[in-house]
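Values below: all heavy atoms of this structure, side chains included; hydrogens, waters and symmetry mates excluded. Every value quoted in this text rests on a predicted model; they were computed, and no experiment measured them.
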Amino acid sequence: MSLASVMRSEQELLLPTYDRHKILFEKGRGVYLWDSEGRRYLDFLSGIGVNALGHAHPAIQAVLKRQAGKLIHVSNLFFHEYQAELAKRLTKMSVLDRVLFCNSGTEAWEGALKLARAHARAQNNNGHKAKWRLLALENSFHGRTFGSLATTGQEKYRHPFTPLMPGVNFVAFNDVEDLKRQFDGSVCAICVETIQGEGGIRPLSREFLQTARQLSERTGALLLVDEIQSGLGRTGRHFAYQHYAIKPDIVTVAKPLAAGLPLGAILTTNFAASGMHPGLHGTTFGGGPLACAVAIEFLRVIDGMMGHIRQLGDYFHAELETLESKYPSILEVRGMGLMLGVELDSADAAKAVVARLLQREILINRTHETVLRFLPPYIIEKKHIDQVIRELDSALKANLAKRHLQTGKSTKRSH
């Protein structure tokens, strides 16, 4: 099937939710993807953080083939052998106590919000109104369902769907004093991403996250941490919050968990889980045997990769900072491990760089308009980073030359 025929069919049949690049991918292996014309692309986006082990990883393929021949789905009204084992691995990694499985990141966040409200109601023993307010962060992104949108601090995602769920207030990013001003005894949860992903690869400050932990502990509110993009090895630790020496009450994960199959999870302490009972929440597909079997293998593989991720992440970060020193269009390099962003001084510049790298058969994307986002597979090597840096250098040089040309023309016209 050709790219043109696929595009025609999609235009007739699909809701227009994505502005796609005109590329038809047909296969992938390792850190590479091949399109319908046989061109090979270096994948430094990994399906927006999903394909953390790259494409067609042999260990993942083996589990998929074996489990697909045994059992793909049973209702959560019954047991299968993989949920408890996967939960055991996740709780050991996170030092939390319990797990609830679902299908996606936004579903995990929806469940976390419900659990926060249910917990507050269960803890309300004085007959007064239970805690119910949620504090979220400006510039955040937690997903596209209604509860997730209600806690997403970006107007462009929220506005078309208002009014949203009430009871949410937004705190200025990394503003400790604003957090203290807005927090009181009516708050049932503080909601954060350890590193804002769609918001431009912005890590929380240590002071802000530790203050959020202290405030919530003081009143019995919960600290909800969204690790959907930053978790499961992406930063060189199993979870990004582990860089901060704090322990959340609820953590949400998804993206790479089942190596490309839909699977999310809510991890909680026993304290946070106290408001949950049978019938209060559920899922038809979440935590099925195929996805869970694959997720167990994914976690087994990444267990030995943390040092590699940190080492390659440090190298990549340093190389990006070298470019920052060369080009005034780079405002900042941010991130941890293999979750890195480069903020440029204009949306047009960022768009041009992404397009140029795509022409050079390298996949990255642009987030928050001006930020180049890098989420490569954990299996990358130094040579892959060097290739990206060379092409990024070339793209930034071309952008600088274009600006000089435009400035020269403008100066001539002014005379």
Side chain to side chain donor-acceptor pair (under 3.5 Å) involving Arg20 - partner list, sequence neighbours excluded: Glu10
Could you give all pairs that pass the salt bridge (charged side-chain N to carboxylate O under 4.0 Å, His left out) test and reach residues 137-149, with sequence neighbours left out? none
Mind checking whether His80 and Tyr82 have parallel, tilted or perpendicular rings, split at 30° and 60°? tilted
Begin with the C-alpha distance, continue with both residues' side-chain angles, and end with the deciding distance and a verdict on salt bridge (Lys or Arg N to Asp or Glu O under 4.0 Å) for Arg390 and Asp386. CA-CA 6 Å; Arg390 284 194 303 271; Asp386 291 341; 5.4 Å; no
Only counting residues at least two apart or in another chain, list the ones meeting side chain to side chain donor-acceptor pair (under 3.5 Å) with Gln214. none
For Gln311, all residues meeting side chain to side chain contact (heavy atoms under 4.5 Å, CB included), sequence neighbours excluded: none
Contacts satisfying salt bridge (charged side-chain N to carboxylate O under 4.0 Å, His left out) that involve residues 336-348 (not counting sequence neighbours) are Arg202-Glu343, Arg334-Glu343, Asp345-Arg403
By ring-ring contact (aromatic ring centres under 6.0 Å, His included) - contacts of Phe141 (at least two apart): Tyr157
Using a strict threshold of under 4.0 Å (side-chain N to carboxylate O), is an ion pair present between Asp178 and Arg181? yes
Within residues 224-250 or reaching into it, pairs that qualify as salt bridge (charged side-chain N to carboxylate O under 4.0 Å, His left out) - sequence neighbours excluded: Arg213-Asp249
With sequence neighbours excluded, give me every ring pair (Phe, Tyr, Trp, His ring centres under 6.0 Å) pair touching residues 340-374. Phe316-Phe374
Selection residues 309-324 - residue pairs positive for salt bridge (charged side-chain N to carboxylate O under 4.0 Å, His left out), sequence neighbours left out: none
Pairing of Asp393 and Lys326 as salt bridge, 4.0 angstrom limit: yes
How would you list, by chain and number, every residue that makes a salt bridge (charged side-chain N to carboxylate O under 4.0 Å, His left out) with Glu37, sequence neighbours excluded? Arg39
Once ring pair (Phe, Tyr, Trp, His ring centres under 6.0 Å) is applied, what residue pairs with a partner in residues 320-356 remain, sequence neighbours excluded? none
Go through the structure and list residues passing ring-ring contact (aromatic ring centres under 6.0 Å, His included) with His73, not counting sequence neighbours. Phe285
